[in-house]
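Data block below; observations after.
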Amino acid sequence: MNLQFDVVIVGGGLVGLATACALSQCDLNIAIIDTKICQHEFLPHAEMSIRASAINGASQRYFSKIGIWDDLCNSNRVQEFTEIGVWEKNGQAHLSAQAKDYGYSNLGYIIENHVISHYLCQFALNCSNIKIYRQEAVDCTFNDDFAFLTLANETVLRAKLMIGADGAHSWVRRSENISVLERDYLHHAIITTVKTEYPHHSCARQVFYPNGIIAFLPLWNANKSCLVWSTKPDNATTLTSLSESEFSNELFRLTGDKVGKCQLINSRMVFPLKARFAKQFIKHRLVLIGDAAHTIHPLAGQGVNLGFQDSALLVSTIKQLIETNKDIGLVKNLKSFEFNRRKDALVMLTAMQTIQDMFNGDNLLKKTLRTIGMNIIDNSQLLKKQLIKYAMHI
């Protein structure tokens, strides 16, 4: 069976779904390929999912443009954060900021990934021009005019453009032999949900210590947060082997004066952290977006926002090409998209590596430099406002 589409998207995660939903407004026929997409169809109301993301202003505006922001807000599972607090354990470096001091109502939003995926999935399921295939992709080929994607059931999808949004270990990227620059952060991220003794008061907190970084992302319950603890691999192994009470005691030792005692309310997931940067974001009739194109350290919570910015710019580019009767799959027509997204990703990759390097270890010179640097920023309203505007993508 050979089926015709305008765009085929491999990957039905956050970025792939958002791209499909946004493109559906262009009167294009779109196919999404993902074997696990059914997990997004239902939203357990009583349970908090383990993974959550810090959503900046640009991503929030993109959700509004797609048409899911009101649904997200009505779910009562969107938590705005109005304050950030960053400090160094056993050090003098610290940084804090409140949205009201800069004329903003908030600094961003913390939303469980599953909640975002659910409403994007519901939007896609209700779109007559989006077709979802719960099949594995097994082969892709390209000719002058089309991309061809073969599924496990031997269905062949033909499209003017294929989009790889299938994550850090992208099958699309590997199938097309697109090489990746990689650097191991020598950190693993432990992610779970915790109930804290003290309410979070809409504050996103982060503590640096010689062996890693601990972040608390405030969730919609006043005493519950998503915990993202990145640390050296051997330490991550030790921490995940601890009993819940032992793990909580270690967490309290490092952060207790800020959040109090913590109780685990979800299991602990562990992810190795690597910086990745695809050498090509585009090829003939192919585009890579999101983690398929780049991955960064989660210490600033910007990874998913980079992906949504990829999606938003790609959708805008495709719309412009359609309006000017240009082919949406030609490399020359996608060059500006690639240039802009590679630039932004490189800036963020460099920034994350610099921050991690600066806070890694207990070297006296680095400790002195980070104390001076963070405190200069903390005492400069102008510098803080510029950093906040950059993080919020204003």
Side-chain angles (χ1 to χ4, degrees), residues 1-43 59 62-63 65-68 71-72 113-142 146-176 281-282 285-293 304 307-308 310-319 322 328-329:
M1 185 185 299
N2 198 320
L3 300 173
Q4 173 72 48
F5 292 91
D6 296 299
V7 178
V8 168
I9 301 172
V10 181
L14 292 172
V15 174
L17 279 169
T19 306
C21 294
L23 283 174
S24 71
Q25 301 169 9
C26 302
D27 292 328
L28 298 174
N29 289 317
I30 302 145
I32 305 173
I33 292 81
D34 195 312
T35 58
K36 298 177 181 179
I37 202 165
C38 59
Q39 67 188 0
H40 306 314
E41 292 185 36
F42 304 100
L43 183 64
S59 296
Y62 191 37
F63 292 163
K65 196 170 183 179
I66 290 171
I68 66 160
D71 291 330
L72 285 169
N113 288 8
H114 188 61
V115 175
I116 303 172
S117 297
H118 171 73
Y119 286 103
L120 286 169
C121 187
Q122 291 303 306
F123 187 102
L125 288 169
N126 288 315
C127 278
S128 59
N129 55 339
I130 296 178
K131 175 71 174 177
I132 297 174
Y133 290 90
R134 297 171 175 83
Q135 290 282 326
E136 184 179 359
V138 296
D139 187 44
C140 59
T141 58
F142 302 84
F146 295 101
F148 298 88
L149 185 71
T150 304
L151 305 183
N153 64 358
E154 299 185 356
T155 296
V156 178
L157 309 181
R158 185 177 71 174
K160 301 296 287 184
L161 179 67
M162 184 185 302
I163 299 173
D166 51 340
H169 304 288
S170 170
W171 172 85
V172 173
R173 189 184 65 219
R174 287 183 283 110
S175 296
E176 285 306 296
F281 285 16
I282 62 172
R285 305 212 172 276
L286 174 65
V287 177
L288 299 179
I289 59 175
D291 285 354
V304 73
F308 286 132
D310 292 348
S311 174
L313 183 59
L314 180 59
V315 170
S316 175
T317 301
I318 289 172
K319 285 182 177 179
I322 292 171
I328 65 173

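- With sequence neighbours excluded, no residue satisfies side chain to side chain donor-acceptor pair (under 3.5 Å) with D6.
- Not counting sequence neighbours, N126 has no partner by the side-chain contact (heavy atoms from CB on, under 4.5 Å) test.
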Problem set entry | Candidate pair V304 and I116, rule side chain to side chain contact (heavy atoms under 4.5 Å, CB included), full reasoning | CA-CA 12 Å; V304 73; I116 303 172; over 6 Å; no

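- Of all heavy-atom pairs spanning A31 and Y133, the tightest one is CB-CE1, 4.0 Å.
- Residues passing the ring pair (Phe, Tyr, Trp, His ring centres under 6.0 Å) test with Y119: none are found, sequence neighbours excluded.
- Nearest heavy-atom pair, M162 versus F148, reported as atom, atom and distance to 0.1 Å: CE-O, 4.0 Å.
- A distance of 14.5 Å separates CG of N113 from NE2 of H118, quoted to the nearest 0.5 Å.
- Of the inter-residue distances, the one linking I9 atom CD1 with L149 atom CG reads 12.0 Å to the nearest 0.5 angstrom.
- Nearest heavy-atom pair across I132 and A124 is CD1-CB, 4.4 Å.
- Annotation: side-chain contact (heavy atoms from CB on, under 4.5 Å) contacts of T150 (sequence neighbours excluded): V138, D139, V156.
- A distance of 7.5 Å separates CG in D34 from CD in Q39, rounded to the nearest 0.5 Å.
- Under the ring pair (Phe, Tyr, Trp, His ring centres under 6.0 Å) criterion, Y62 pairs with no residue, sequence neighbours left out.
- With sequence neighbours left out, the side-chain contact (heavy atoms from CB on, under 4.5 Å) criterion links H40 to L17, I37, H114, S117, C121.
- By the side-chain contact (heavy atoms from CB on, under 4.5 Å) test, S24 is found to be paired with I30, F123, C127, N129, I130, residues two or more places apart in sequence or in another chain being considered.
- The minimum heavy-atom distance between I66 and C21, with the atom names listed, is CG2-CB, 3.7 Å.
- For the salt bridge (Lys or Arg N to Asp or Glu O under 4.0 Å) test, residues two or more places apart in sequence or in another chain that qualify with R134 are E41.
- Counting heavy atoms of neighbouring residues, nucleotides and ligands inside a 6.0 Å radius, atom NZ of K131 does not exceed 12 of them.
- One distance of note links OG1 of T155 with CG of L3; it measures 6.0 Å at 0.5 Å rounding.
- Rounding to the nearest 0.5 Å places CZ of F42 at 8.0 Å from CD of Q122.
- Residues A18 and F308 approach most closely at CB-CE2, 3.9 Å, considering heavy atoms.
- By the salt bridge (Lys or Arg N to Asp or Glu O under 4.0 Å) test, R285 is found to be paired with D327, residues two or more places apart in sequence or in another chain being considered.
- Applying the side chain to side chain donor-acceptor pair (under 3.5 Å) rule to D27 yields no partners; only residues at least two apart in sequence or on another chain are considered.
- Every residue two or more places apart in sequence or in another chain was checked for a side chain to side chain donor-acceptor pair (under 3.5 Å) with D291, and none qualifies.
- Atom CD of Q25 and atom NZ of K65 lie 8.5 Å apart (nearest 0.5 Å).
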Problem set entry | L23 vs T19, side chain to side chain contact (heavy atoms under 4.5 Å, CB included): CA-CA, chis, key distance, verdict | CA-CA 6 Å; L23 283 174; T19 306; 3.9 Å; yes

For this session: Show the numbers, then the answer: is there a side chain to side chain contact (heavy atoms under 4.5 Å, CB included) between E176 and F142?
Result: CA-CA 10 Å; E176 285 306 296; F142 302 84; 3.3 Å; yes

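- Listed by first then second residue, pairs satisfying side-chain hydrogen bond (donor to acceptor under 3.5 Å, both in side chains) with a partner in residues 160-170 read D166-S170, not counting sequence neighbours.
- The backbone N or O of A312 lies less than 3.5 Å from no partner atom in the side chain of S316, so there is not a single donor-acceptor pair.
- The shortest non-hydrogen separation linking I33 to Q135 is CG2-O, 3.2 Å.
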